[in-house]
Each structure stands twice: as C-alpha cells, then as structure tokens.
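A note on names: the letters A, B, ... follow the listed sequences, proteins ahead of strands, and every chain is numbered from 1. Note that these values count all heavy atoms, side chains included, but never hydrogens, waters or copies made by symmetry.
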2 protein chains.
Amino acid sequence: MTSPARKPSRIQTENRQRIRDAALGLFATHGFRGTTLDQIADACGMHKPNLIYYYDSKEAIHIDLLNTLMEEWLSPLGAMDAEGDPLEEIIGYIRRKMEMSRLYPRESRLFANEIVQGAPRMLPHLESTLKPLFDKQCGIIATWMKDGKIAEMHPAHLIFSIWAVTQHYADFEAQIAVLLPGDDKRAKGADQFVEMMFRKVLTP
Amino acid sequence: MTSPARKPSRIQTENRQRIRDAALGLFATHGFRGTTLDQIADACGMHKPNLIYYYDSKEAIHIDLLNTLMEEWLSPLGAMDAEGDPLEEIIGYIRRKMEMSRLYPRESRLFANEIVQGAPRMLPHLESTLKPLFDKQCGIIATWMKDGKIAEMHPAHLIFSIWAVTQHYADFEAQIAVLLPGDDKRAKGADQFVEMMFRKVLTP
DNA sequence: TCGTAACTTTACCAAATGGTAAAAAACTTG
DNA sequence: CAAGTTTTTTACCATTTGGTAAAGTTACGA
C-alpha cells in the first residue's frame, strides 16, 4: 500500500525547499502553533492547498524541518576527533557552534522552541540519534581528561554548558540586542569571551 | 475615563491568582498561541467567560504574568552587592539562579518562549526595567575587575553566560532528561559543575 | 505534437477559538 | 432580610484555521 516512491521531480525538490525555507523562519519566531499555513503560503508565494500538495499537513512540514536540519545541526559535535589535540578539538567545536549561532539563528530557535516546549515531535529522534552521538563524544572527552590533557570535570555538563552559552547568542538575541546595543563588534566580543572562558575552564 | 480602581475583593485576588497559576504552566509549555482559553479555564476549574471577567483578554493574562514575574525573576541580579566579597557575590548569584531553575522552571520557560520569539510583549519592559539594572550590575562587576578582585573579562558577556548556563537546565530539561537519565543526582551534579566552572573562570 | 501525469488555483467546509450577552446565583451590607 | 453588587453560568457568535474537492493549467516524455 506504500506509494511507488519515485524519484522526486525538479519542481518537487525546488518547491519543497521553498516551503521549508519559509516555514523555518516562521516556526522559529512564532512557534508551531503560532504559525499558520496561510503565513507559510504567503512567505513562499504559494497558495495554501499547494502546500498540502507537497506536505500532508502543517505538522508534516514541521517534522520534515526538524529531521532535515537535525543532522547538520549536530555535525560539529561528531567532528570532534579523538585523535586530535584535545583542547583544540573542543575549542574548535565551540568556534563552530558560535559560527552556527551567527549564521543559522533560525535553526537554533526552531530547536529551542521545540525543546522548551518539551520536544513533543523530537523526543524519539533525540533518543535514537542524539543520545548515541552524545554518549560517544562524552566518552572521548572523558578519555582526554583521564589522560590529563584537559581539566577533569563532568563531560556531559561540559557539553551542556557549551550548548547553553553558544546557542544563547542566537536564541536570546532579542534580549542581547537590548542590553548590548551597537551591534558592530558584538559578535567578535562574544567569540573572544566564549573562547577565553572555555580555555580557562579546560586548562588543567 | 479610568475605572475607580477600588481595592480588589478577596475573591478577585484569589481567582486572578488561580488563573495566573494555571496560565503560567500552559504558556510555559505551549507558548502563547499554543495555549487556548479553554485549556486555561479547564486547568483552573473555571469557565471561559469567567476568565474574561477577570482579564480583558488572553493577551492580558499573558502580559500580567510577564509583568508580575519579571520583578522576582530579576531580584537575584539586583542582590549582588558592591560591598560584598566579589567572588562570593557572583557565586552566590549563580547558586540562586540554579536554585530558581530548579524551583521555578515554568517561569524560566515562560520568559524563554517570550524572548526566543523576539520578546513581542516584553521589549519595552526589558528596556525600562532590565537594562538599567543590568548596566548597574555590569558596572559593579567592572569595578571588581579593575580592583583585581576577579579576573578581567567583558562583564556583559559574563552575565550572559551565567544566564545561559543556569537557565539551560530549566529551559532544555526535556533534552537533558534524555541525555542524562537517572535524575537522582542530576541537580547536584549540575550545581557542582556550574560552580566549579565559574570559580575557575573568575579566579584572577 | 499530442496525451498524460504533475502541478496550481478557486471555491469551499467543519472544527476550533477568542470573545460577548445576558440571565442566574452568590455574596455583601445597610 | 432585603436590595444591590459581585461573581458564575449558559447560550451564542464571528473569525480564523487546517484541510478538501475538483476544475484548470502547465510540463514532459513518447
């Protein structure tokens, strides 16, 4: 009873992408319930029933977005290499996370919304995809610590604090913009601060 | 044209509180648009029109919540005392923030939702209430640094990182629960990690 | 180029939702 | 306890919203 699953046409690929791009911005700033199909249709210059032609439902768009983006969102974590220099591997990870916060704030906020609200559509994905990767990288970090390459601490909480600090700049940008106006050197100052902070924490 | 503004009756005070309490939990987990008046009415055992008797609109409930809670939410920041011991003042602040993350996760998520979505109903309040306090406390921290009591760094980014790390435990609890199961000693481990981390960062 | 499959548009619908009107009930106070 | 005020309930409404039906249009391979 499953559909033939033929290769999607050029138009299909393009339009699905247009929909995802429009939906990403809207879901990120208004949340799932706060975004309407009409808004998405407007934002990508399509008509509402056309959306449903490409996606079964509003929820299907949301789920597809989460699934599509999760992979690349997590890729920097997996890039931490057990063979590399411990301190530089972690600092490199932090730099990439800061860069992502700046380049992809929509993605950051999409996940922030989802998880703040209890991850109703992502919990299984967290279990199956994030958890194993997380455990593996925690293991690598633990080894580095045992070998005395970096200071000893709870690896999981270390990763939490990296996520918290780096993503904060994307997720809470509205607040930061009020408290630290004059956006010129804000990003640079943030980068420098965060790197200094974690270097200090990680140095044995 | 303003109403007489008589002292609210006992029933009024009680019922407004009931409404706020129910709405807090719902707004925190489903966001503003994701929460319906019917849900709030259900959660506090009242009928929908009764809510409107006490609050002009759904938005009025939300705004009242934000305004009511902002004060106590920020109070620990203001409690940092210029006369106290610098390191212990900041660590004390961090401890209070961790405690609040544990005791009042609903409040934390309410603000997280609001700010992730661009603070549509709170921007003026951030400008008028948070900004002055923030600037003042940044000044105190800067003085401590100049006096060599704690390590030198950008005070604003220091506060951001404290907010990020402490609130992360409330706002992203769903994710943390997946990645670090066995909730027994989680809170204690988090407290110890965060305190260790900032002590290290702040020590000159 | 012709026929068919893929895609788009128009018109529509049922349910959900924020809110109102007004009657009924409960409480307060002289 | 009676009169007036506050609070609660019932019935209702207009709009919004996710989604459908089906006709119309375009793209594309034989």
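B/Asn15 meets the side chain to side chain contact (heavy atoms under 4.5 Å, CB included) test with B/Ile11, B/Arg18, B/Met46, B/Tyr54; sequence neighbours excluded. With sequence neighbours left out, the side chain to side chain contact (heavy atoms under 4.5 Å, CB included) criterion links A/Glu127 to B/Val178. For B/Asp85, the side chain to side chain contact (heavy atoms under 4.5 Å, CB included) criterion is met by B/Leu87, B/Glu88, not counting sequence neighbours.
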Give me the distances for all protein-to-nucleotides 24-30 of chain D N/O pairs that come in under 3.5 Å?
unit_1	atom_1	unit_2	atom_2	d
D/dC28	OP1	A/Arg10	NH2	3.0

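Of the candidates D/dG18, C/dG18, C/dC7, the closest approach to any side-chain atom of B/Leu37 belongs to C/dG18. For B/Lys58, taking side-chain heavy atoms from C-beta onward, the closest of the listed nucleotides D/dT7, C/dG19, D/dG19 is C/dG19.
Rounded to whole Å, the distance from CZ on B/Arg18 to P on D/dT7 is 13 Å. Distance A/Gln12 CD to C/dT8 C1': 14 Å, rounded to the nearest Å.
For the pair A/Thr36 and A/Asp56, both in contact range of DNA chain D, the more 5′-proximal nearest nucleotide belongs to A/Thr36.
The salt bridge (Lys or Arg N to Asp or Glu O under 4.0 Å) contacts involving residues 25-48 of chain A comprise A/Asp38-A/Lys48, where partners must be two or more places apart or lie in separate chains. Within the structure, the ring pair (Phe, Tyr, Trp, His ring centres under 6.0 Å) test picks out the following pairs touching residues 81-114 of chain A (sequence neighbours left out): A/Trp73-A/Phe111.
OP1 and OP2 of D/dG18 both lie 4.0 Å or more from every side-chain N or O belonging to A/Arg33. Note on A/Asn15: a side-chain N or O is less than 4.0 Å away from OP1 or OP2 of C/dT8.
Of the residues in residues 38-55 of chain A, those placing a heavy atom less than 4.0 Å from an atom of DNA chain C are A/His47, A/Pro49, A/Asn50, A/Tyr53, A/Tyr54, in numerical order.
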Please list every donor-acceptor pair under 3.5 Å in which a side-chain atom of residues 150-160 of chain A meets a protein atom from a residue at least two apart or in another chain.
unit_1	atom_1	unit_2	atom_2	d
A/His154	ND1	A/Ala156	N	3.2
A/His157	ND1	B/Tyr169	OH	2.7

Check residues 59-66 of chain B and write down every donor-acceptor pair under 3.5 Å in which the side-chain atom is one partner and the other belongs to a residue at least two apart or another chain.
unit_1	atom_1	unit_2	atom_2	d
B/Glu59	OE2	B/Arg121	NH1	2.7
B/His62	ND1	B/Arg121	NE	3.0
B/Asp64	OD1	B/Thr68	OG1	3.3
B/Asp64	OD2	B/Arg20	NH1	2.9
B/Asp64	OD2	B/Tyr55	OH	2.5

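Taking CD of B/Gln39 as the start and NZ of B/Lys58 as the end, the distance is 8.5 Å to the nearest 0.5 Å.
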